[in-house]
2 protein chains.
Amino acid sequence: MGTTKSEIFNENQNQISLIAKAFAHPARVAILQQLFKLNTCICGDLVNEIGLAQPTISQHLKELKNLGIIKGTIEGTSSCYCIDDKVWKEMKQLFINFLNQDTNPKIKCC
Amino acid sequence: MGTTKSEIFNENQNQISLIAKAFAHPARVAILQQLFKLNTCICGDLVNEIGLAQPTISQHLKELKNLGIIKGTIEGTSSCYCIDDKVWKEMKQLFINFLNQDTNPKIKCC
DNA sequence: ATTATTTATCGTATTATTGCAATAAAATAA
DNA sequence: TTATTTTATTGCAATAATACGATAAATAAT
């Protein structure tokens, strides 16, 4: 108990929920929006832009990086992050397929 | 500490993360897919289709209902759920706008 | 009236997430 | 070499999320 039972769901369902989890925190949404806006951004700038402590931002960056949505390179003492376009496109397509599902409005109970 | 600091983010960022949270569990993804497939579904059928205990499914249904994505009506002893098409369309648009962000591949650090 | 069916709610155990202070690590500047 | 700068990691506290047994509540069937 307390743990998600991923094994009883199919690959598609688990993938969608994993990607959704990445978007399920406003800080990570803000980080992604900033990366899209500037194309490239160093960690310190994200800390200034968003109002969370540096370790907290680092943690959110790590989660996004582990999922593959963003990439990071070290430049001197600072580290620079940007969107992985290939991964983003794949995730986008998976999500759009999910969102594009449609109902038959004639068959409804409520 | 331990709580998301929603107050430092804008409306759009909070909305996207809230919707994403609804999709951030495979059981809720499965419930929504089943509702799209059958257009209408009673709770017990979802319990059989997905392999989680009845109280767990009821809880996930409640979360989706609280967010407005699904509606429910009581029919005798059973209760019937379906997608709220209007709300789904709004959420879909908000999410697609977020997913459609694009980068300038020329400006990259990694 | 009694029993069965179905769902919602409550209580609780377990795990996950969020946030930050303290600190380590690694490159740069003085 | 000795600061300084910048980021990652560790450790911890607090809150949120997941799951389910037990039970209530409300309608159906016998």
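Protein chains get the first letters and strands the later ones, always in sequence-line order, with residue 1 at the start of each. No experiment lies behind these values; they were computed from the predicted model shown.
- With hydrogens and angles left out, the side-chain atoms of A:Q13 and B:Q33 include a donor and acceptor closer than 3.5 Å.
- For A:F23 and B:F23, the distance between ring centers is not under 6.0 angstrom.
- Across all strands, A:T56 comes closer than 4.0 Å to base atoms (heavy-atom distances).
- For residues 2-62 of chain B, no pair satisfies disulfide bond (SG atoms under 2.5 Å apart), with sequence neighbours left out.
- Listed pair B:Y81 / C:dA8 meets the phosphate criterion, a side-chain N or O lying under 4.0 Å from OP1 or OP2.
- The distance between atom CD1 of A:I42 and atom P of D:dT5, rounded to the nearest whole Å, is 14 Å.
- Across the protein-nucleic acid pair, A:L64 atom CG and C:dT18 atom P stand 11 Å apart, rounded to whole Å.
- The base of D:dA8 has none of its N or O atoms less than 3.5 Å from a complementary donor or acceptor on the side chain of A:Q59.
- Using a 3.5 Å distance cut-off with no hydrogens or angles, the side chains of A:N100 and B:K92 do pair a donor with an acceptor.
- Contacts of A:S58 with the nucleic acid, taken as non-hydrogen atoms under 4.0 Å apart, include base atoms.
- Taking the six-membered ring for Trp and the full ring otherwise, the centers of B:F95 and B:W88 sit at least 6.0 Å from each other.
- Between A:N48 atom CG and D:dT5 atom C1' there is a gap of 13 Å when expressed in whole angstrom units.
- Using a 4.0 Å cut-off, some side-chain N or O of A:K5 falls inside it from OP1 or OP2 of D:dC20.
- Phosphate contact (OP1/OP2 of D:dA26, side-chain N/O of B:T77, threshold under 4.0 Å): absent.
- Rounded to whole Å, atom P of C:dA16 lies 13 Å from atom CG of A:L18.
- Applying the Watson-Crick and G-U wobble criteria (two distances, each under 3.5 Å), C:dT3 pairs with nothing in any strand.
- Distances were taken from every side-chain heavy atom of B:H25 (C-beta onward) to each of D:dT7, D:dA19, D:dT15; the shortest belongs to D:dA19.
- Distance CD1 (A:I8) to C1' (D:dT18): 12 Å, rounded to an integer number of Å.
- Residue B:H60 has a polar side-chain atom (N or O) positioned under 4.0 Å from OP1 or OP2 of D:dA19.
- In this entry the distance linking CD1 of B:I57 with P of D:dA17 reads 18 Å, nearest Å.
- Looking at heavy-atom distances under 4.0 Å, A:L61 makes no contact with the nucleic acid at all.
- Taking the side chain as every heavy atom from C-beta outward, A:Q59 and A:T56 never approach each other to under 4.5 Å.
- Put simply, CD on B:E7 is 9 Å from P on C:dG19, counting in whole angstrom units.
- Contact annotation for B:L52: backbone-only contact, meaning every heavy-atom pair under 4.0 Å involves sugar-phosphate atoms and none involves a base.
- Note on A:K21: only backbone sugar-phosphate atoms sit closer than 4.0 angstrom, heavy atoms only; bases stay farther off.
- Taking for each of A:E63 and A:I74 the nucleotide of DNA chain C with the nearest heavy atom, the 5'-most of the two is the partner of A:E63.
- The interatomic distance linking A:K62 (NZ) with D:dT7 (C1') rounds to 12 Å, in whole Å.
- Under the Watson-Crick or G-U wobble criterion, with both distances below 3.5 Å, D:dA28 has no partner in any strand shown.
- Each of B:T4 and A:C80 has a nearest nucleotide on DNA chain D; the 5'-most of these lies closest to A:C80.
- Of the two residues near DNA chain D, B:A27 and B:E75, the one whose nearest nucleotide lies more 5' is B:A27.
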